[in-house]
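Note sheet for the following structure.
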Amino acid sequence: MSKGITSRSEDYSQWYNELVTKADLAEHSAVRGCMVIKPYGYAIWEKMQATLDQMFKDTGHSNAYFPLFIPKSFFSKEASHVEGFATECAVVTHYRLKNDGTGKIVVDENAKLEEELIVRPTSETIIWNTYRGWIESYRDLPILVNQWANVVRWEMRTRLFLRTAEFLWQEGHTAHATEQEAVEEAERMLHVYADFVENWLALPVVRGTKTENERFAGAINTYCIEALMQDGKALQAGTSHFLGQNFAKAFDVKFTSKEGKLDYVWATSWGVSTRLMGALIMAHSDDAGLVLPPKLAPIQVVIVPIYKTDEERNEIGELADELIAAFKQKGITVKYDDRDTQRPGFKFAEWELKGVPVRITIGARDLKQGNVEIARRDLQSKETVSKEGLADTVEQLLEAMQQSIYDKALAYRNAHVTEVNSYEEFREVLESKGGFVSAHWDGTVETEKRVKEETKATIRCIPLDNKLEEGTCIFTGKVSKQRVLFAKAY
RNA sequence: CGGGAUGUAGCGCAGCCCGGUAGCGCGCGUCGUUCGGGACGACGAGGUCGCAGGUUCGAAUCCUGUCAUCCCGACCA
C-alpha cells in the first residue's frame with residue numbers, strides 16, 4: 001500500500017476514486033462500467049440492507065423476487081416510461097453459443113430469440129404485468145412488495161458506486177385501492193429513507209419533490225431526498241414515486257371496489273441503491289481516508305497491541321481478550337489486530353484509511369497503569385483512559401461520534417444553503433461557494449432547462465415544508481410563488 | 001457517443017521520439033535487528049510490455065484495429 005491518498009483540495013474526484021479502491025471498498029472489473037464490490041465495502045452495504053429491510057418490514061412490506069429479463073413488448077406499453085429508459089437498456093438477443101470450428105466461441109445465429117429480452121433497468125413493467133393476475137377485488141389490496149435486486153442501466157460515463165452500469169438496489173412496488181392511500185405510501189417511504197439516511201448514514205437530507213423535468217419517467221409525482229457532498233455538489237440519495245394509475249392502465253390492472261365499481265389500481269414505487277455508498281464515502285471522509293459513522297462501520301473498534309517481547313504480547317493479549325468479550329456483550333464489533341508482520345504506525349494508518357471509528361492502543365506502559373489509549377477517527381484525537389468500564393466508555397463514545405458526525409455534516413449543509421434574489425448572484429454563488437441555492441423560479445420546464453444549459457445547475461427539489469412567498473423568477477422575472485433548491489449534482 | 005490523456009511486475013512510474021528481447025521506487029518472500037504514528041539491513045522471487053493483427057532479419061518502441069481506465073462534453077427517475 002502506498003502512503004497516503006490525494007487530498008480533497010488537490011483533486012476531489014481523484015480523492016474519491018483512490019479512497020474507494022485503497023480502503024478496499026470496490027474496484028473496477030473486467031466489464032466496462034461494472035464494479036466488484038469487495039468484502040469490506042459489501043459489509044457496509046449489508047448493514048444498510050439489513051437496516052432498511054427491517055424498516056420496510058416494520059411498515060408492512062414483504063420481499064419477493066421478479067425476473068431479471070423483461071420482454072421487450074412490455075416496454076412499449078407506458079410511453080413516457082419507455083422514453084426514459086430506451087437509451088440505456090441492455091438487450092438479450094440470442095440464447096446459445098457455439099464453437100465456430102476454429103476453437104473460437106461465437107454467438108449461434110440460429111439461436112435468435114423470437115422476442116428480445118431487456119435486462120431490467122427497473123421492474124415496474126414486469127411487476128405490473130404480474131400484479132394483473134394478483135388483483136381482482138379491493139380485498140386483494142394493498143399489495144406491499146419490495147425486492148432486493150440488481151439492475152442494469154447502460155451509462156456512458158461511470159464512477160464507482162455513484163453511477164455504474166450494473167448496481168444493487170431495492171425497489172418497492174405497491175398497489176392501492178385509492179389515490180390518497182398511494183400518495184400516503186409514497187410519502188411514508190420517503191420519510192423512511194430520510195430517517196435511515198439521517199440516523200444511520202449520519203447525513204442530513206432535504207425532503208422534497210422533483211420538478212416535471214427531473215421526475216421519474218412514468219410517475220405523476222416523484223419525492224426525493226437530497227444530500228450535500230463536501231465539494232458542494234448535491235446527490236440524490238433516494239426516490240419515491242406516486243405512479244397514479246399509469247401502470248395499471250398500461251397493464252390493465254383493475255379491481256372491483258366495495259361499491260362494486262371497476263377501477264384501475266393506484267401505484268407507487270420507491271428505491272435506494274448502492275449509490276448510498278458513494279454518499280456515505282463523500283459526505284464524511286477526509287484526507288486520511290474513510291470516516292464511517294459507527295452504526296454502519298463493519299468494524300467499530302480496532303485494538304492494536306504494542307509490545308517488544310512475546311511476554312508483553314501475551315499479557316496484552318489477555319487484556320484484549322477481556323475487553324473483546326465485554327465489547328461483544330454490548331454488540332460492539334471489534335477487531336484485534338495482533339499481526340506480527342506490521343508495525344503499529346502502519347496499522348494506525350491502515351485502519352484510519354478504512355474508517356474504523358475507534359482505535360484502542362495497548363502497550364506495556366498502559367498495562368502497568370491500568371490504562372489504554374483511545375483514538376477517535378472522526379476528529380483524529382486520542383486520549384488515555386482507564387481500562388475499567390471501557391466497554392461503557394466506548395459504547396458512549398460510539399453514540400457520541402454518530403451524533404457528532406451528523407452534526408458536522410448538518411452544519412456544513414446549513415452553511416451551504418444560500419438564498420439569492422438575482423441571476424447574477426445565483427451564478428456567483430454556484431461558482432464560488434457551491435451547495436444548494438434557494439431561488440425563485442417561474443415553474444416552467446423551459447426556464448429550468450435554460451438555467452441548466454447556462455450554469456449546469458438543476459432544480460434538485462421543491463422542499464416539502466417549503467414556505468410560500470411571493471417573488472420573481474431569477475431568470476425570467478415572472479411571478480413565482482416559492483423558492484426551489486438549485487444545485488450542481490452528481 | 002464526441003474531444004483529450006493513459007495502459008510496461010501486486011501498486012506508482014521510466015524506457016518508446018531515434019526498433020536489437022526490460023529497469024526504478026514501493027510492495028512481496030526468507031533471515032536478523034526492530035516495534036507508543038506508515039522501520040532497517042542482507043539475500044531473493046516476480047513482467048507473453050492491455051489484447052489482436054500488420055511492417056521488419058528483429059517490435060514495449062513503428063502502423064491498423066480493439067478493449068479498459070481517467071478528465072472534459074453530450075446523456076443520465
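Reminder, nothing fancy here: chain letters follow the sequence lines and each chain counts from 1. Hydrogens, waters and symmetry mates play no part in the numbers below; they use all other heavy atoms, side chains included.
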If pairing means Watson-Crick or G-U wobble with both distances under 3.5 Å, then the partner of B:A14 is none
With a 4.0 Å cut-off on heavy atoms, is A:Gly33 in touch with a base, just the backbone sugar-phosphate, or nothing at all?
-> sugar-phosphate
With both distances under 3.5 angstrom, what nucleotide forms a Watson-Crick or G-U wobble pair with B:U66?
-> B:G50
Watson-Crick or G-U wobble mate for B:A22, both contacts under 3.5 Å | none
For atom C1', what is the distance between B:A68 and B:G54, given to the nearest Å?
-> 23 Å
Verdict with supporting geometry, A:Phe56 and A:Trp270, ring pair (Phe, Tyr, Trp, His ring centres under 6.0 Å) = CA-CA 11 Å; A:Phe56 298 155; A:Trp270 27 274; 5.1 Å; yes
How would you label the contact of A:Glu171 with the nucleic acid (heavy atoms, under 4.0 Å): base, sugar-phosphate, or nothing?
-> nothing
Does the distance from a Lys or Arg side-chain N to an Asp or Glu carboxylate O, for A:Arg207 and A:Glu198, drop under 4.0 Å?
-> yes
Do you see a donor-acceptor pair shorter than 3.5 Å between the side chains of A:Asp231 and A:Tyr490?
-> yes
Donor-acceptor pair (no angle test) under 3.5 Å: A:Arg343 side chain, B:G36 base | no
Which is true for A:Thr222 with a 4.0 Å heavy-atom rule: it touches a base, it touches only sugar-phosphate, or it touches nothing?
-> nothing
Separation of the P atoms in B:G73 and B:C28, to the nearest angstrom = 40 Å
Centroid separation A:Tyr193 to A:Tyr223 less than 6.0 Å = no
Considering only B:G36, B:C76, B:G38, which nucleotide approaches the side chain of A:Glu88 most closely?
-> B:C76
Check: A:Pro357 and A:Leu397 side chains under 4.5 Å, non-hydrogen atoms | no
Using both distances under 3.5 Å as the test, list the Watson-Crick or G-U wobble partner of B:G44, or none.
-> B:C28
Partner nucleotide, any strand, of B:C1 [Watson-Crick/G-U, under 3.5 Å] = B:G73
RNA chain B nearest-nucleotide lookup for A:Arg365 and A:Ala489: closer to the 5′ end is A:Arg365
Main-chain N/O of A:Gly218 paired with A:Asn246 side-chain donor or acceptor, under 3.5 Å = yes
Determine the Euclidean distance between corresponding C1' atoms of B:G38 and B:C76; express it in Å to zero decimal places.
-> 41 Å
Sugar-phosphate, base or nothing in reach of A:Arg359, heavy atoms under 4.0 Å | base
What integer number of Å spans the C1' atoms of B:C57 and B:G10?
-> 37 Å
Would the A:His81 and A:Phe216 ring centres measure less than 6.0 Å apart?
-> yes
Would you kindly compare A:His241 and A:Ile306 by the position of their nearest RNA chain B nucleotide and give the one closer to the 5′ end?
-> A:Ile306
Pairwise P distance for B:U8 and B:C51, with rounding to whole Å | 10 Å
Contact class for A:Ala364 vs. all strands (heavy atom < 4.0 Å): base, sugar-phosphate, or nothing?
-> base
With sugar-phosphate meaning primed atoms plus P, OP1 and OP2, does A:Asp366 contact a base, only sugar-phosphate, or nothing at under 4.0 Å between heavy atoms?
-> base
What does the list of N/O pairs under 3.5 Å between the protein and nucleotides 70-74 of chain B look like, with a distance for each?
unit_1	atom_1	unit_2	atom_2	d
B:C70	OP1	A:His28	NE2	3.2
B:C72	OP2	A:Arg157	NH2	2.3
B:G73	OP1	A:Lys456	NZ	2.1
B:G73	N7	A:Arg157	NH1	3.4

How would you label the contact of A:Gly363 with the nucleic acid (heavy atoms, under 4.0 Å): base, sugar-phosphate, or nothing?
-> base
Quick one: does A:Glu352 reach the base of B:G38 with a side-chain donor-acceptor pair under 3.5 Å?
-> no
Which base sits across from B:U33 as a Watson-Crick or G-U pair, both distances under 3.5 Å?
-> B:A39
Closer than 4.0 Å, any side-chain N/O of A:Arg163 to the OP1 or OP2 of B:C76?
-> no
For nucleotides B:U30 and B:U64, find the distance between their C1' atoms and express it as a whole number of Å.
-> 48 Å
Apply side chain to side chain donor-acceptor pair (under 3.5 Å) to A:Thr209 and list each qualifying residue two or more places apart in sequence or on a separate chain.
-> none
Determine which nucleotide pairs with B:A59, using a 3.5 Å limit on both distances of a Watson-Crick or G-U wobble pair.
-> none
Would you tell me whether A:Glu373 and A:Thr384 have side-chain atoms, one donor and one acceptor, within less than 3.5 Å of each other?
-> no
